[in-house]
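Okay, so here's the structure we're looking at.
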Amino acid sequence: MPELPEVETVVRSLEQHLAGLTVTSVNLIKPEVIRSPKPEEFIELLLGKTFLKKMGRRGKYILLNLSENLTLVVHLRMTGRLIYCDAEAPLEKHTHVIFLLDNGKHLRFADVRRFGRLQLVPTTEVMELPGIKELGPEPLEPEFTREFIKKEIRRHRTRIKPLLLDQSFIAGLGNIYADEALFRAKVHPERLASELTSREAAALHKAIVEVITEGIEHRGTSFRDYVDGEGRAGSFQNHLKVYNRENHPCTQCGRPISRIKVAGRSSYYCSACQKAK
DNA sequence: ATCGCCTCCTGATGGC
DNA sequence: TGCCATCAGGAGGCGA
């Protein structure tokens with residue numbers, strides 16, 4: 001499931017291919033995946049536009065910048081894929097949009113579960129979009145400090161796991177990296193956010209930065225559907241310490257990893273290393 | 001503010 | 001072998 005490291009990897013892999021290419025036609029197989037504007041206008045606006053050198057990302061949103069102040073905003077949600085490939089490449093099932101480029105190649109959007117969305121907006125308005133303007137700090141930007149965590153965590157009466165998944169608190173974490181960060185910080189997912197000690201908050205800050213950084217270095221976690229902008233799998237799934245490891249031995253203490261539901265989400269943790277208190 | 005619950009959707013899995 | 005229920009989880013919406 002694409003979280004920050006997966007989305008960042010997609011952006012980086014697409015960036016190097018798309019820069020300078022012009023959209024020559026758009027095939028909207030499933031117009032429902034376009035959030036805005038209307039399908040006809042979406043196509044009309046894109047035709048003849050050129051991808052810029054610099055792409056972007058905010059939280060889990062992919063920002064593909066084009067000429068004439070346009071940005072194609074893509075959210076992959078659970079199973080979305082954005083892939084640059086040969087026009088002759090076999091069409092994978094659930095391909096919903098095909099962009100033909102002026103070098104003869106394709107940019108394709110595919111999504112088994114059809115939760116993902118594409119949106120074409122003026123570049124100057126991207127940061128004001130609903131869903132983007134509410135986002136909390138980027139974990140790898142200077143604004144995400146130890147002090148931020150310490151201070152903000154106390155304002156919330158919820159448990160720490162759902163808070164980490166709240167995109168308006170921190171942008172980009174999903175179920176996998178949230179569990180991995182909590183394990184590294186030795187914090188139980190059901191601990192009340194406001195009751196973490198200063199030391200624990202600092203450890204959590206460090207753990208989030210580390211796990212996100214390592215996730216990017218390994219080009220993401222290919223647990224089920226995720227591949228990058230060229231259809232290649234990542235390798236961070238080989239380095240997960242708790243996620244999807246129920247009953248497997250903890251890498252720290254050897255006891256079996258537990259799995260519980262927290263706010264409706266599977267949460268994997270080590271009951272010995274991460275005490276409930 | 002925070003909760004649970006629901007919806008979107010398909011494929012994988014497990015019980016019988 | 002098939003049939004059905006359950007689960008996966010990102011985000012947004014609902015009412016409590």
Side-chain angles (χ1 to χ4, degrees), chain A residues 1-11 29-36 57-63 73-82 91-97 109-119 126 128-136 138-139 151-182 189-196 208 212 215 220-227 234 236-237 240 242-247 257-269:
Chain A
M1 354 276 114
E3 303 177 29
L4 193 160
E6 290 74 36
V7 174
E8 179 66 24
T9 304
V10 170
V11 169
I29 299 161
K30 270 265 185 302
E32 300 93 316
V33 302
I34 308 302
R35 187 167 167 186
S36 75
R57 177 191 59 73
R58 179 73 174 99
K60 300 172 193 170
Y61 289 84
I62 295 168
L63 311 174
V73 180
V74 182
H75 198 304
L76 302 174
R77 293 287 187 104
M78 311 273 301
T79 54
R81 293 175 165 192
L82 203 50
L91 203 61
E92 78 168 286
K93 219 176 151 185
H94 307 293
T95 298
H96 306 315
V97 185
F109 174 73
D111 187 355
V112 171
R113 296 170 73 174
R114 264 185 276 149
F115 289 171
R117 289 292 178 266
L118 283 68
Q119 197 171 0
V126 167
E128 298 309 313
L129 288 178
I132 291 188
K133 72 167 181 290
E134 297 89 358
L135 290 173
E138 285 288 327
K151 186 160 156 259
E152 290 301 308
I153 231 165
R154 308 215 287 197
R155 301 177 53 241
H156 295 270
R157 247 165 292 279
T158 185
R159 292 167 292 181
I160 189 64
K161 173 71 186 283
L163 186 60
L164 292 183
L165 294 179
D166 181 349
Q167 301 299 298
S168 68
F169 182 69
I170 309 176
L173 288 182
N175 215 28
I176 299 174
Y177 293 92
D179 278 0
E180 293 298 314
L182 287 169
E190 290 181 300
R191 291 279 304 285
L192 288 183
S194 56
E195 293 178 0
L196 294 200
I208 290 169
I212 293 290
T221 302
S222 290
F223 174 55
R224 201 165 285 172
D225 300 277
Y226 165 73
V227 290
F236 198 59
Q237 65 278 9
L240 299 177
V242 285
Y243 188 82
N244 201 37
R245 294 194 68 244
E246 185 181 15
N247 293 331
I257 296 300
S258 306
R259 174 183 181 174
I260 55 172
K261 287 269 184 191
V262 183
R265 294 282 174 259
S266 281
S267 293
Y268 299 88
Y269 71 103

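So that the names make sense, note that chain A is the first sequence line, chain B the second, and so on, each numbered from 1. Values below: all heavy atoms of this structure, side chains included; hydrogens, waters and symmetry mates excluded.
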With a 4.5 Å heavy-atom cut-off, do Y226(A) and T9(A) have their side chains touching? yes
Contact list for DNA chain B against residues 161-170 of chain A - heavy-atom distance below 4.0 Å: none
Contact check, side chains of V33(A) and R117(A), non-hydrogen atoms, under 4.5 Å: yes
Regarding R157(A), tell me which of base, sugar-phosphate or nothing describes its non-hydrogen contacts under 4.0 Å with the strands shown. sugar-phosphate
What contact category does K30(A) fall into here, base, sugar-phosphate, or nothing, at under 4.0 angstrom with non-hydrogen atoms? nothing
Please walk me through it: do H94(A) and R81(A) pass side chain to side chain contact (heavy atoms under 4.5 Å, CB included)? CA-CA 10 Å; H94(A) 307 293; R81(A) 293 175 165 192; over 6 Å; no
Calculate, to the nearest 0.5 Å, the distance between atoms NZ and OG belonging to K261(A) and S266(A) respectively. 4.0 Å
Using whole Å, what does the distance between atom P of nucleotide dG10(C) and atom CD1 of I62(A) come to? 15 Å
Please check: side-chain N/O of Q167(A) versus main-chain N/O of G172(A), any donor-acceptor pairing under 3.5 Å? yes
Would F115(A) count as stacking on dG10(C) if stacking means ring centres less than 5.5 angstrom apart and planes tilted under 30 degrees? yes
Protein-nucleotide distance (L4(A), atom CG; dA11(C), atom C1'), rounded to Å: 16 Å
Nearest-Å distance, CD (E3(A)) to C1' (dG10(C))? 9 Å
Roughly how many Å is it from CD1 in I153(A) to P in dT2(B), rounded to a whole number? 12 Å
Using a 4.0 Å heavy-atom cut-off, does Y243(A) contact any base of the nucleic acid, only the sugar-phosphate backbone, or nothing at all? sugar-phosphate
Taking only N and O in the side chain of H94(A), is any of them less than 4.0 Å away from OP1 or OP2 of dC9(B)? no
Is R159(A) near enough to dG4(B) that one of its side-chain N or O atoms lies under 4.0 angstrom from OP1 or OP2? yes
Take atom P in dG11(B) and the same atom in dA11(C), then report the distance between them in whole Å. 22 Å
What verdict does the salt bridge (Lys or Arg N to Asp or Glu O under 4.0 Å) test give for E138(A) and R58(A), after you've listed the backbone C-alpha separation in whole Å, the side-chain angles of each residue and the deciding distance to 0.1 Å? CA-CA 8 Å; E138(A) 285 288 327; R58(A) 179 73 174 99; 3.0 Å; yes
Map P130(A) and R113(A) onto DNA chain C by nearest heavy atom, then report which one ends up closer to the 5' terminus. R113(A)
Selection from dG11(B), dG10(C), dG9(C) that lies nearest to any side-chain heavy atom of K93(A): dG11(B)
It should be established whether T158(A) places a side-chain nitrogen or oxygen under 4.0 Å from OP1 or OP2 of nucleotide dC3(B). yes
Check: F115(A) and T79(A) side chains under 4.5 Å, non-hydrogen atoms: no
Using OP1 and OP2 only, check whether a side-chain N or O of H75(A) sits under 4.0 Å from dA11(C). yes
Integer-rounded Å distance: dT10(B) C1' and E32(A) CD: 15 Å
Would you mind classifying the nucleic acid contact of S266(A) as base, sugar-phosphate or nothing, using non-hydrogen atoms under 4.0 angstrom? sugar-phosphate
If only side-chain N and O atoms count, and only distance matters, is there a donor-acceptor pair under 3.5 Å linking E6(A) with Y177(A)? yes
Taking the P atom in each of dT6(C) and dC5(B), what is the distance between them to the nearest angstrom? 15 Å
Is any side-chain N of the basic residue among E3(A) and K60(A) closer than 4.0 Å to the acidic one's carboxylate O? no
5'-most contact on DNA chain C (nearest-nucleotide basis), G131(A) vs G264(A), goes to G264(A)
Check: R114(A) side chain, G116(A) main-chain N or O, donor-acceptor pair, under 3.5 Å: no
Report the distance from atom CE of M78(A) to atom P of dC7(C), rounded to the nearest whole Å. 14 Å
Can you tell me how far P of dA11(C) sits from CG of D111(A), to the nearest Å? 13 Å
Nearest whole Å is fine: how far is dG10(C) P from R77(A) CZ? 10 Å
Can you check the distance between dC6(B) and dA5(C), where both ends of the measurement are the P atom (answer in whole Å)? 16 Å
With a 4.0 Å cut-off on heavy atoms, is R265(A) in touch with a base, just the backbone sugar-phosphate, or nothing at all? base
Please work out the stems of DNA chain B from pairs that are Watson-Crick or G-U wobble with both distances under 3.5 Å, keeping only runs of three or more consecutive pairs. B:2-8 with C:10-16, B:10-16 with C:2-8
Might you confirm whether atom NZ of K133(A) has over 12 heavy atoms from other residues, nucleotides or ligands at distances under 6.0 Å? yes
